Amino acid sequence: MKNIKNKLICVLAFIAFVSCDPRIDLDTSQWGDNSELVNVLLYVYEFEDHQLQEYIETGEVTPGVRKVLRSEGLSIDVDNGTASVDLSSGFSLVDDVVVIAVEHTGTRVEPLNGSPTMGLPADLTNGPYTYRIHSADGNFTDWTITINQL
């Protein structure tokens, strides 16, 4: 009988716990519209001759790869939602592994119209690219990014 009482008390406590609604909702409107583009960076992956000594599972060494910043100039037009960034001379949008990265004040960056995903290597010869920066309060701004090869 004592075992049944304990089980009943546990079941009732569980039902009471899961049926409770949160007491405070997060008010995301307090931050306002923060869908601004702050910076656009272009990185190039460089594969190095030395190897990293990371061989946990296979016992093989891993080749060294690093991201090197290669953007030189940047122009942001907040009123029109456009940005223009320059890639250093000596680097190709076709032959080199170029990565585009956006610094922003929003909560999420969404590529539009087939624009490459941020942080992943992509062929950047078919620009300009459009990205939607979402704000915590539900607003968003579409930004058009043009890449100029010097």
Side-chain angles (χ1 to χ4, degrees), residues 10-11 13-150:
C10 289
V11 168
F14 176 76
I15 290 172
F17 177 77
V18 297
S19 65
C20 294
D21 288 331
R23 290 182 244 154
I24 300 174
D25 290 329
L26 180 62
D27 179 19
T28 57
S29 65
Q30 65 184 333
W31 290 291
D33 184 4
N34 290 317
S35 55
E36 296 289 322
L37 180 74
V38 177
N39 198 1
V40 179
L41 304 170
L42 296 177
Y43 292 97
V44 175
Y45 280 119
E46 290 185 355
F47 302 92
E48 300 184 10
D49 293 335
H50 73 277
Q51 296 182 344
L52 304 173
Q53 297 299 318
E54 297 178 4
Y55 47 91
I56 297 171
E57 294 180 13
T58 63
E60 301 292 323
V61 291
T62 305
V65 179
R66 64 180 177 163
K67 278 192 324 187
V68 179
L69 180 64
R70 291 299 177 210
S71 50
E72 286 193 0
L74 175 66
S75 172
I76 296 177
D77 184 357
V78 177
D79 296 330
N80 294 320
T82 61
S84 178
V85 62
D86 298 330
L87 178 65
S88 304
S89 61
F91 293 95
S92 168
L93 292 173
V94 178
D95 297 329
D96 292 313
V97 182
V98 180
V99 176
I100 187 171
V102 170
E103 294 178 2
H104 57 91
T105 58
T107 57
R108 180 173 58 126
V109 176
E110 176 186 4
L112 301 176
N113 305 325
S115 296
T117 304
M118 295 290 160
L120 297 177
D123 180 5
L124 299 177
T125 57
N126 299 323
Y129 303 104
T130 306
Y131 294 93
R132 178 170 289 166
I133 298 179
H134 294 267
S135 182
D137 67 354
N139 291 321
F140 60 86
T141 304
D142 291 345
W143 291 88
T144 301
I145 299 173
T146 304
I147 300 172
N148 305 314
Q149 182 139 14
L150 299 178

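Computed from heavy atoms alone, side chains included, the values below leave out hydrogens, waters and symmetry copies. Since the model is a prediction, treat every value here as computed from it, not as a measurement.
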- Item | Point-to-point distance, once rounded to the nearest 0.5 Å, from CD1 of Ile147 to CG of Leu87 | 7.5 Å
- Query: Could you give the distance from CD1 (Ile76) to CG (Asn39), rounded to the nearest 0.5 Å?
  - Reply: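 Output value for this atom pair is 6.0 Å.
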- Message: List the residues meeting side-chain hydrogen bond (donor to acceptor under 3.5 Å, both in side chains) with Asp77, not counting sequence neighbours, and say none if there are none.
- Response: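 In terms of side-chain hydrogen bond (donor to acceptor under 3.5 Å, both in side chains), with neighbours along the sequence ignored, Asp77 is linked to Asn80.
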- Quick one: list whatever passes side-chain hydrogen bond (donor to acceptor under 3.5 Å, both in side chains) with Ser71, sequence neighbours left out.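 With sequence neighbours excluded, Ser71 shows a side-chain hydrogen bond (donor to acceptor under 3.5 Å, both in side chains) to no residue whatsoever.
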Does [X] have any side-chain contact (heavy atoms from CB on, under 4.5 Å) partners at least two apart in sequence or in another chain, and if so, which?
{"X": "Thr144", "value": "Thr82, Pro128, Thr130"}
{"X": "Glu36", "value": "Val78, Thr105, Trp143"}
{"X": "Arg108", "value": "Glu110, His134"}

- Task: Any salt bridge (Lys or Arg N to Asp or Glu O under 4.0 Å) involving residues 141-150? Give me the pairs, sequence neighbours left out, ordered by first then second residue.
- Result: Arg132-Asp142
- Message: Is the shortest side-chain heavy-atom distance between Tyr129 and Pro116 below 4.5 Å?
- Response: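 A side-chain contact exists here, since the closest heavy-atom pair is under 4.5 Å.
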- Message: Is the shortest side-chain heavy-atom distance between Leu124 and Leu42 below 4.5 Å?
- Response: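 The answer is yes; the side chains approach within 4.5 Å.
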- What heavy-atom pair brings Val85 and Ile145 nearest, and what distance separates the two atoms? CG1-CG2, 4.4 Å
